[in-house]
Undergrad: 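Take this structure first; my questions come after.
Just so it is clear, the structure is predicted and the values come from calculations on it, not from any experiment.
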Amino acid sequence: TEILSGADLTTALSHAADTAHSDIRSALQDALSTTETSSTDYAEKTGRACHLPMAGPLIFHILRHADNFSDAVERNNRAGGDNAGRSLMIGSAMGAVHGVARDTGIPLSWALKLRDGDQIWTACQTLAAMSRT
C-alpha cells in the first residue's frame, strides 16, 4: 500500500522488512542489504520454493536490484523455482512503481500482445484519466 500511496520502492521495501513478522524479518532485511547483485546466485542462498521463507527474500532481492519491469521479469525467470508465484508480487510492485508504456515500465508491446490487448490498453487509459479528475 505504501507504493500505491507514492512511496518509493526502496522505502516501501525497507519498511516492510523492518515491520515483518520476526520469523522472516532478518531474511528480508538481508535481501535488501546483501552485496550479491545476481538474483540467480542469491536464489542459491535462499532457495527457490514457494513458501514465504524462500520466496519473500528472493522477491525483495529482485525488487531491490531490478532496474525496470523487464529486468525484474528476467531476474525472476532466471532464478527458477516458483517464479510464477513470485511474479504476482514482483509484477504488481514493479507495475505500480513504473507504470505501462514508460522506459522502465511494462512494455506496451507486451500488453498489446494479450488477447484484447488494445481494448485493455484503452480501458487502462480511461481509468488513468478518471483518477486524475
Undergrad: Could you list the donor-acceptor pairs under 3.5 angstrom formed between side-chain atoms of residues 100-117 and any protein atom two or more places apart in sequence or on another chain?
TA:
{"unit_1": "T104", "atom_1": "OG1", "unit_2": "H98", "atom_2": "ND1", "d": "2.8"}

Undergrad: For residues 48-59, which side-chain N or O atoms pair as donor and acceptor with protein atoms under 3.5 Å away, sequence neighbours left out?
TA:
{"unit_1": "R48", "atom_1": "NE", "unit_2": "A79", "atom_2": "O", "d": "2.3"}
{"unit_1": "R48", "atom_1": "NH1", "unit_2": "E44", "atom_2": "OE2", "d": "3.1"}
{"unit_1": "R48", "atom_1": "NH2", "unit_2": "T40", "atom_2": "O", "d": "3.3"}
{"unit_1": "R48", "atom_1": "NH2", "unit_2": "E44", "atom_2": "OE2", "d": "3.1"}

Undergrad: Measure the NZ-CD distance between K45 and E36 for me, rounded to the nearest 0.5 Å.
TA: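 Here the interatomic distance stands at 9.0 Å.
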Undergrad: Compare every heavy atom of I90 with every heavy atom of A72, then report the nearest pair and how far apart it is.
TA: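 Heavy atoms of A72 and I90 come nearest at CB-CG2, 3.8 Å.
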Undergrad: Taking the side chain as C-beta and beyond, is there a heavy-atom pair between I24 and F60 under 4.5 Å?
TA: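 No, every pair of side-chain atoms sits at 4.5 Å or beyond.
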Undergrad: Is a side-chain N or O of T11 found less than 3.5 angstrom from the main chain of A7, in a donor-acceptor match?
TA: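 Judged by distance alone, no pair lies under 3.5 Å.
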Undergrad: Salt-bridge test for D82 and R86: reply yes if a basic N is under 4.0 Å from a carboxylate O, no otherwise.
TA: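 A salt bridge is absent here (no side-chain N lies under 4.0 Å from a carboxylate O).
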Undergrad: Going by heavy atoms in the side chains, are Q29 and R25 under 4.5 Å from each other?
TA: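 Yes. Closest side-chain heavy atoms under 4.5 Å.
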Undergrad: So which heavy atom on A12 is nearest to which on I3, and how close?
TA: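 That would be CB-CG1, 3.7 Å.
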Undergrad: Return the CG to CE distance between D67 and M94, rounded to the nearest 0.5 Å.
TA: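 Spacing of CG (D67) from CE (M94) equals 8.0 Å.
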Undergrad: Below 4.5 Å, heavy atoms only, C-beta onward: do H65 and R75 meet side chain to side chain?
TA: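 With C-beta onward as the side chain, the pair touches.
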Undergrad: Output the distance between atom CZ (R78) and atom CG (D41), rounded to the nearest 0.5 Å.
TA: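 The CZ atom of R78 sits 11.5 Å away from the CG atom of D41.
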Undergrad: Could you tell me which residues satisfy side chain to side chain donor-acceptor pair (under 3.5 Å) with S26, sequence neighbours excluded, listed by chain and number?
TA: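 Here no residue qualifies.
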Undergrad: Give the intermediate values and the outcome of side chain to side chain donor-acceptor pair (under 3.5 Å) for residues H61 and S39.
TA: CA-CA 7 Å; H61 186 274; S39 297; 3.0 Å; yes
Undergrad: Within the distance-only criterion (no hydrogens, no angle test), does the side chain of T126 pair as donor or acceptor with the backbone N or O of T122 below 3.5 angstrom?
TA: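 Looks like yes, one N/O pair under 3.5 Å.
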Undergrad: Nearest 0.5 Å, what's the CD1-CG distance between I62 and N76?
TA: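 Interatomic distance, I62 CD1 to N76 CG, rounded to 0.5 Å: 4.5 Å.
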Undergrad: Find the distance between CD (E2) and OG (S14) and round it off to the nearest 0.5 Å.
TA: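 One gets 9.5 Å once the value is rounded to the nearest 0.5 Å.
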